[in-house]
Enquirer: 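Shown below is the structure under consideration.
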Amino acid sequence: MKTFDLFVVELETKISDTITTDSGLELYIDSKFNEFENRIQEGPVVASPFKYETGVKPGDTLYFHHLVVVNEGQILTGEDNHYLVRYDPDHTINNQAIAYKDQHTGDIEPLAGWSLLEAIEEEEVPESDTIDVIKFAEKLPTKGRVAFTSRWVEEVGLEVGDVVGFKENRDYRITIEDKEYYRTRVEDLLYVEKT
């Protein structure tokens, strides 16, 4: 199969509806009320866009935006388990392909303007020594550590390990190999901390 500007991934299911306990017991989750939290965001590549040189080959693992599978998903007509993932190297906002893992090397590389950041615990400054203030709203993260390099990360002068600040509400989370990262557009990064 050849696609112009789309990736095609093959997914057994679009929602993760089971969990396994520490003892090995598999339990079913009714995900109809929390589909967003249980959506699948990775799958093996069946086809890569021939219009662009992405480095992604069939068999590699593609990590993608949740819109690929939520609601009815972006299913390939005539193929129940094949989903379309938009790719646009010039406009990150139009690019649903976040990163990929090379099946031979195991290397992970962000795609087309995305950066993957490790979470950083930000210190909270106590407001009072005598009064314990209870907060109900969680402070949104605004910092992360660059976890993987890419052409787009390097173009702005960043390296793996750099601590960067990003716009509030840009901490979209994605899990890659059982580790959670923030997937943030490089254009939403505001500064790099000096070390």
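What you see below is based on every heavy atom in this structure, not just the backbone, and it leaves out hydrogens, waters and symmetry mates. Residue numbers count from 1 along this sequence.
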Enquirer: Consider only side-chain heavy atoms of I, L, V, M, F, W and Y, link residues closer than 4.5 Å, and tell whether Leu158 and Trp152 are in one cluster.
Expert: yes
Enquirer: Determine whether a donor-acceptor pair (N or O, by modelled atom type, separation under 3.5 Å) exists between the side chain of Trp114 and the backbone of Asn95.
Expert: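 Side chain of Trp114 to backbone of Asn95: a pair is present.
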Enquirer: Regarding Glu154 and Thr149, do their side chains bring together a donor and an acceptor under 3.5 Å, going by distance alone?
Expert: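 Yes.
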Enquirer: For residues Ser48 and Lys57, report the shortest heavy-atom separation together with the two atoms involved.
Expert: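 What the structure gives for the nearest pair is OG-N, 4.2 Å.
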Enquirer: Can you classify the ring geometry of Phe50 versus Phe4 as parallel (below 30°), tilted (30 to 60°) or perpendicular (above 60°)?
Expert: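 Plane angle over 60°, so perpendicular.
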Enquirer: I need the single residue from Ile75, Val85, Leu11 that forms a side-chain contact (heavy atoms from CB on, under 4.5 Å) with Val69. Which is it?
Expert: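 Passing option: Leu11.
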Enquirer: Does the side chain of Lys143 reach to within under 4.5 Å of the side chain of Glu193, using non-hydrogen atoms?
Expert: yes
Enquirer: Are the side chains of Leu189 and Leu117 in contact, using a 4.5 Å heavy-atom criterion?
Expert: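 Yes - at least one pair of side-chain heavy atoms lies under 4.5 Å apart.
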Enquirer: How long is the gap from OH on Tyr100 to CZ on Phe7, to the nearest 0.5 Å?
Expert: 9.0 Å
Enquirer: Heavy-atom count around Glu12 CD within 6.0 Å, excluding the residue itself: above 12?
Expert: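 Counting other residues, nucleotides and ligands, CD of Glu12 stays at 12 neighbours or fewer.
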Enquirer: Could you tell me if the side chain of Val153 sits less than 4.5 Å from the side chain of Val186, heavy atoms only?
Expert: yes
Enquirer: Taking the side chain as C-beta and beyond, is there a heavy-atom pair between Leu116 and Ile98 under 4.5 Å?
Expert: yes
Enquirer: Can you tell me how far the OG1 atom of Thr175 sits from the OH atom of Tyr181, to the nearest 0.5 Å?
Expert: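 It is 9.5 Å, given to the nearest 0.5 Å.
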Enquirer: Taking side chain as C-beta onward, heavy atoms only, is Tyr83 less than 4.5 Å from Phe64?
Expert: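 No - every pair of side-chain heavy atoms lies 4.5 Å or more apart.
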Enquirer: What's the shortest heavy-atom distance between Asp88 and Ala112, and which atoms?
Expert: O-CB, 3.7 Å
Enquirer: Is there a side-chain contact between Val163 and Val192 (heavy atoms, below 4.5 Å)?
Expert: no
Enquirer: Go through the steps for Glu42 and Ile176 under the test side-chain contact (heavy atoms from CB on, under 4.5 Å), then give the verdict.
Expert: CA-CA 8 Å; Glu42 68 178 80; Ile176 296 176; over 6 Å; no
Enquirer: Can you tell if the side chain of Tyr63 reaches within under 4.5 Å of the side chain of Glu177, non-hydrogen atoms only?
Expert: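 Yes - at least one pair of side-chain heavy atoms lies under 4.5 Å apart.
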Enquirer: As an exercise, state the distance from NE2 of His65 to CD of Gln41, rounded to the nearest 0.5 Å.
Expert: 8.0 Å
Enquirer: Under 4.5 Å between any side-chain heavy atoms of Arg86 and Leu6, yes or no?
Expert: yes
Enquirer: Considering only residues two or more places apart or on different chains, which pairs with a residue in residues 180-190 satisfy salt bridge (charged side-chain N to carboxylate O under 4.0 Å, His left out)?
Expert: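 Listed once each, the pairs are Lys167-Asp188, Arg170-Asp188, Arg173-Glu180, Arg185-Glu187, Arg185-Asp188.
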Enquirer: State, to 0.1 Å, how close Val45 and Ala47 come at their nearest heavy-atom pair, and which atoms those are.
Expert: CG1-O, 3.5 Å
Enquirer: Check whether Val156 and Val164 end up in the same hydrophobic cluster, where Ile, Leu, Val, Met, Phe, Trp and Tyr are linked by side-chain heavy atoms less than 4.5 Å apart.
Expert: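 Yes, Val156 connects to Val164 through the hydrophobic network.
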Enquirer: For residues Glu10 and Val46, report the shortest heavy-atom separation together with the two atoms involved.
Expert: CB-CG2, 3.7 Å
Enquirer: Looking only at heavy atoms, which two atoms of Asp5 and Tyr52 are closest? And how far apart?
Expert: CB-CE1, 3.8 Å
Enquirer: Considering non-hydrogen atoms only, spot the tightest contact between Leu111 and Thr54 and give its length.
Expert: CD2-O, 4.1 Å
Enquirer: Just checking Ile93: does its CD1 atom have more than 12 heavy atoms from other residues, nucleotides or ligands closer to it than 6.0 angstrom?
Expert: no
Enquirer: Measure the spacing between CD of Glu168 and OG1 of Thr142 and express it to the nearest 0.5 Å.
Expert: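 Going from CD on Glu168 over to OG1 on Thr142, the span is 7.0 Å.
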Enquirer: Apart from Leu190 itself, which Ile, Leu, Val, Met, Phe, Trp or Tyr residues share its cluster (side-chain heavy atoms under 4.5 Å, direct or through members)?
Expert: Tyr191
Enquirer: Check for me, please, whether Ile40 and Val9 land in the same ILVMFWY cluster - side-chain distances under 4.5 Å, paths through other members count.
Expert: yes
Enquirer: Could you walk me through whether Tyr87 and Gln96 pass side-chain contact (heavy atoms from CB on, under 4.5 Å), step by step?
Expert: CA-CA 6 Å; Tyr87 181 76; Gln96 296 175 321; over 6 Å; no
